Amino acid sequence: MIGNDIVDLKYSSTGWVRPRFLDKVFTLKEQALIFSSEHQHQTVWLLWSMKEAAYKIHVRQFGERFFNPTRLVCDLISKEKGLVRIDDNCYFTESTVTEDYVYTVAKQDQNQEVCTSIFETKKEEYTIQSNVLKQQLLKSISQIEKIDRDVLSIKKTDLGIPEVFVNSVKLPKPISLTHCGRFSGFAYA
Amino acid sequence: MTKDQLIAKLKTIVQPYIQDEDAFNNLSEETDFINDLKINSANLVDVILDVEDEFDIRIENDDMEKMISVRAAMDVVNEKLAAK
């Protein structure tokens with residue numbers, strides 16, 4: 001299983017400077033990492049995107065939604081690679097950090113091959129951006145799997161997990177979608 | 001505070017962060033912050049902080065954990081207000 005998350009560093013909330021924000025999101029060890037880093041805004045959203053990407057796998061795996069980011073504990077192995085623990089589960093993360101965005105893909109299996117893509121659009125209305133993202137992913141799947149684009153569609157489960165269908169049959173390939181501000185990204189395994 | 005008053009206050013709090021106008025206009029106890037209102041999860045932290053400020057309460061992370069819908073948020077606010 002996989003999960004992804006993108007944060008537009010320009011449009012991301014600067015709310016983390018609010019009192020109590022950090023305590024609601026980060027463990028003390030993570031907060032120490034943020035305060036000691038050169039680019040604090042970037043580090044906040046790097047750790048956030050790691051948690052969010054791993055959370056998406058967790059929801060897929062256990063079918064339980066919750067909102068408690070401190071329950072997801074991050075460890076950075078290198079600048080790009082990390083681990084996120086939720087209770088007794090551990091997920092592997094790979095992140096890309098640029099001046100504009102932070103993007104993380106989380107995997108259950110470290111060696112799993114993941115096809116992933118990030119693209120920039122104008123900051124649009126949610127439904128338009130969401131539609132563009134889905135079309136991009138379906139185009140990519142159509143090419144990789146050699147399936148006619150017209151028979152492919154994306155539906156969301158009651159938990160909000162997106163799945164790909166060939167006509168009415170579910171394709172047994174996990175996908176993950178994300179967007180924030182100007183950026184959208186998909187991951188497909 | 002009546003149930004309707006509480007819903008109205010929550011509605012004002014979430015308004016700056018919603019990305020689905022229709023779901024917002026039809027907001028009810030059943031409304032889900034993320035799946036229905038499409039609130040970005042990072043902004044959900046802002047919602048929780050705004051709820052704390054508005055009602056002058058503190059929400060522990062264990063209580064925050066269930067606050068993904070209007071109904072759950074109402075339950076937590078009522079519990080905290082009753083304990084004041």
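What you see is a predicted model, and the numbers here were worked out from it, not measured in a lab. Letters A, B, ... are given to chains in the order of the sequence lines, protein chains preceding strands, and every chain is numbered from 1.
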When you look at A:K24 and B:E52, which way does the salt bridge (charged side-chain N to carboxylate O under 4.0 Å, His left out) test go after all the steps? CA-CA 12 Å; A:K24 290 199 164 3; B:E52 288 188 335; 2.8 Å; yes
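- Contacts between A:E52 and chain B at a heavy-atom distance below 4.5 Å involve the side chain alone, from C-beta outward.
- Atom OG1 in A:T70 sits 8.0 Å away from atom CD in B:E65 (nearest 0.5 Å).
- In this structure, the portion of A:W45 lying under 4.5 Å from any heavy atom of chain B is its side chain and not its backbone.
- For a residue to count as touching a neighbouring chain, one of its non-hydrogen atoms must lie under 4.5 Å from one of that chain's; by this rule B:N61 touches chain A with backbone and side chain alike.
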side-chain contact (heavy atoms from CB on, under 4.5 Å) evaluation trace for A:R65 with B:I34: CA-CA 11 Å; A:R65 293 173 62 217; B:I34 292 171; 3.9 Å; yes
For side-chain contact (heavy atoms from CB on, under 4.5 Å), just list the numbers for A:Y55 and B:S41, CA-CA rounded to whole Å, side-chain angles, deciding distance to a tenth of an Å, and then say yes or no. CA-CA 11 Å; A:Y55 171 76; B:S41 51; over 6 Å; no
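- Between B:N40 and A:C180, the closest heavy-atom pair is ND2-SG, 4.3 Å.
- Listed by sequence position, B:Y17, B:Q19, B:D32 are the residues of residues 17-32 of chain B in contact with chain A, using a 4.5 angstrom heavy-atom cutoff.
- Annotation for B:I68 and A:F67: closest pair CG2-CB, 3.9 Å, computed over non-hydrogen atoms.
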What verdict does the salt bridge (charged side-chain N to carboxylate O under 4.0 Å, His left out) test give for A:D23 and B:R58, after you've listed the backbone C-alpha separation in whole Å, the side-chain angles of each residue and the deciding distance to 0.1 Å? CA-CA 12 Å; A:D23 289 335; B:R58 288 292 170 266; over 6 Å; no
List the steps and the verdict of salt bridge (charged side-chain N to carboxylate O under 4.0 Å, His left out) for A:R18 and B:D53. CA-CA 12 Å; A:R18 285 178 77 176; B:D53 291 342; 3.4 Å; yes
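- When the shell of 6.0 Å around NZ of A:K139 is examined, it contains 12 or fewer heavy atoms from other residues, nucleotides or ligands.
- In this structure, B:A42 and A:F21 approach most closely via the heavy-atom pair O-CE1, 4.2 Å.
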